[in-house]
Amino acid sequence: MDPYSSSAPQPLPGAPAGCWYTTLGEGVLRGGECCYEFTATCGGSGRPFLVGERARTARAERRAASAWGAAARPDVAALTQATRAALAEAWLRDALLEHASVASFARFSLELMAVGAPPDMLAAAHEAAGDEVRHAALCFGLASAYAGAALAPAPFAFGGRVEVASDLPELAARAVREGCVGETLAALQASEQLSRATDAAVRRALATIAEDEARHAELAWRFVAWALQTGGEPVRRAVSEAFEAALASPPPAATAPDAEADALAAHGRPDGAALAASHRRAVAEVIAPAMAALLGA
C-alpha cells in the first residue's frame with residue numbers, strides 16, 4: 001500500500017469534539033466483521049467537509065511535480081528516516097483536512113445565503129475558503145519536504161452533488177461543533193504547536209494557520225449569535241444541545257512521549273500530553289466561558 005494513501009477522516013466514536021480518525025488501507029475480515037487500522041488526530045485540521053455525519057477528503061497522490069506547496073523548505077538534515085516519515089504522515093493528514101475545508105467553507109457560504117445571513121458573514125466565509133487553500137498548500141509543502149516526494153490532493157470525490165442545508169437550528173448546531181468548538185481548538189492547538197516549534201519553515205506555516213483559524217472560529221461564534229437572535233427558541237435548544245454534547249466529551253488521551261519527541265516538536269508536532277493540556281485549557285478558558293456568555297445574552 002502507498003504510505004501516503006488513506007481514506008477520509010471520520011468522527012472518532014466516544015472521542016473529544018474535534019477528533020477524527022483516518023482509516024488506513026482496505027478492511028480485513030476478522031470474526032465475521034470488517035476491521036480497519038486507523039490513526040487518530042484531534043484539532044488543528046480546519047473545518048471538516050461532512051457528507052451526512054461522515055467526513056470526506058480527497059486522497060493523496062504522488063506526482064512528478066506539484067503546485068501544492070513547492071516552496072516549503074524545512075531543515076531535514078538532522079532528522080532520522082523514521083522521524084521524517086512520521087512528520088510526512090502528520091502534515092499530510094492535516095493537508096488533506098485543510099484541503100477539504102475549502103469545500104466546507106464554499107458550502108457554508110451557500111448555506112448562509114439560504115438562511116438570509118448578513119453580507120459581512122458571506123464575505124468572511126469566502127475569505128476563509130481562500131485561507132484554507134493557503135493552509136492546504138503550506139501543509140502539502142511540508143509533507144512533501146519530509147517525504148522527499150511531491151504530494152498533492154487527488155480529485156475530490158463529491159459524488160455528483162453537494163447538499164446545502166437551509167434549516168437554521170441545524171446549521172447553528174453544526175457551527176457550534178465545527179466552528180465554535182472545532183476551529184477554536186484548531187486555532188489554539190496551532191498556537192501550541194507554534195510555541196514549541198523551532199524550524200523556521202514550520203513556524204511560518206503555523207503562524208499563518210493559527211491566525212487564520214482564530215478568525216474562522218470568530219466567524220462561527222458570530223454566526224451562532226446571529227442565529228440565536230434570528231431563530232429564537234428552536235435555535236437556542238439546538239445550540240445548547242450541541243455545546244452540551246461537545247463539552248461532555250473527555251479531552252484527548254495524553255500519550256507517552258515518542259523517542260523522537262524533541263525533533264517532532266521542533267517541526268510542529270508536539271507530544272500527546274502537550275496537546276491534551278492545550279485542549280483542556282481551550283475548553284476551560286475559552287469555549288466554556290464564551291458559550292456561557294453567548295447563551296446568557
Side-chain angles (χ1 to χ4, degrees), residues 2-6 8-9 20 22 41 43-49 55-76 79 84-109 123-158 178-179 182-183 186-187 189-191 193-194 197-217 219 264 266-269:
D2 186 336
Y4 303 112
S5 176
S6 63
W20 309 88
T22 304
T41 185
S45 53
R47 179 182 290 231
F49 181 79
R56 180 175 295 178
T57 72
R59 289 183 175 273
E61 62 183 20
R62 293 175 181 261
R63 296 182 183 172
S66 172
W68 287 92
R73 293 288 185 273
D75 183 1
V76 301
L79 299 178
R84 287 186 61 173
L87 289 167
E89 179 184 353
W91 283 107
L92 180 60
R93 184 169 59 244
D94 281 2
L96 292 171
L97 288 162
E98 299 283 10
H99 177 257
S101 293
V102 180
S104 184
F105 273 111
R107 179 168 63 185
F108 184 51
S109 68
H126 281 280
E127 182 181 354
D131 293 339
E132 299 293 5
V133 174
R134 183 165 65 252
H135 297 178
L138 289 168
C139 294
F140 274 116
L142 291 171
S144 297
Y146 294 121
L151 302 173
F156 201 101
F158 286 103
E178 299 172 15
E183 286 179 303
Q189 179 174 310
S191 295
Q193 292 171 269
L194 175 61
T198 57
D199 182 87
V202 171
R203 287 185 58 81
R204 285 192 296 271
L206 287 170
T208 296
I209 292 170
E211 180 179 352
D212 291 346
E213 292 294 352
R215 195 169 61 254
H216 301 172
L219 171 60
L264 292 169
H267 289 262
R269 316 309 300 200

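Keep in mind that this is a model prediction, so the values were computed, not measured.
When side chains are defined from C-beta on, H267 counts as touching L79, because their heavy atoms get closer than 4.5 Å. Using a 4.5 Å heavy-atom threshold, the side chains of E213 and H135 count as touching. With contacts defined as side-chain heavy-atom distances shorter than 4.5 Å, the pair R134/D212 qualifies. When side chains are defined from C-beta on, L151 counts as touching R62, because their heavy atoms get closer than 4.5 Å. Taking 4.5 Å as the limit, some side-chain heavy atom of C139 sits within range of a side-chain heavy atom of I209. With contacts defined as side-chain heavy-atom distances shorter than 4.5 Å, the pair Y146/L92 does not qualify.
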Task: Working for side-chain contact (heavy atoms from CB on, under 4.5 Å), residues R47 and E183 - done: CA-CA 7 Å; R47 179 182 290 231; E183 286 179 303; 3.2 Å; yes
TODO: Determine, stepwise, if the pair V102 / F156 fulfils side-chain contact (heavy atoms from CB on, under 4.5 Å).
DONE: CA-CA 11 Å; V102 180; F156 201 101; over 6 Å; no
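The distance between the ring centers of F108 and F49 does not fall below 6.0 angstrom. Ring centroids of H99 and W68 are separated by less than 6.0 Å, placing the two rings close together. Checked against the 6.0 Å centroid threshold, F105 and H216 count as a close aromatic pair.
With R63 contributing its side chain and P153 its backbone, the two residues share a donor-acceptor pair below 3.5 Å. The main-chain N or O of E132 is never found under 3.5 Å from a side-chain atom of S101 such that the two would form a donor-acceptor pair. Judged purely by atom type and a 3.5 angstrom limit, D199 uses its side chain to pair as donor or acceptor with the backbone of D75. Not a single donor-acceptor pair under 3.5 Å links the side chain of R59 to the backbone N or O of A154. Counting only distance, with no hydrogens or angles, the side chain of Q193 and the backbone of G268 share a donor-acceptor pair below 3.5 Å. Judged by distance alone, with hydrogens and angles left aside, the side-chain atoms of S104 form a donor-acceptor pair with the main-chain N or O of P48 at under 3.5 Å.
V76 and A145 get closest at one heavy-atom pair: CG1-O, 4.3 Å. The two residues V202 and A197 come nearest to each other via the heavy atoms CG1-CB, 4.0 Å.
Taken to the nearest 0.5 Å, the CZ atom of R73 stands 11.0 Å off from the CG atom of L142. Note: E98 CD to L138 CG = 9.0 Å, rounded to the nearest 0.5 Å. Between L264 atom CG and R84 atom CZ the span is 13.5 Å, to the nearest 0.5 Å. In this structure, CD in E211 is found 11.0 Å from CG in L194, a value given to the nearest 0.5 Å.
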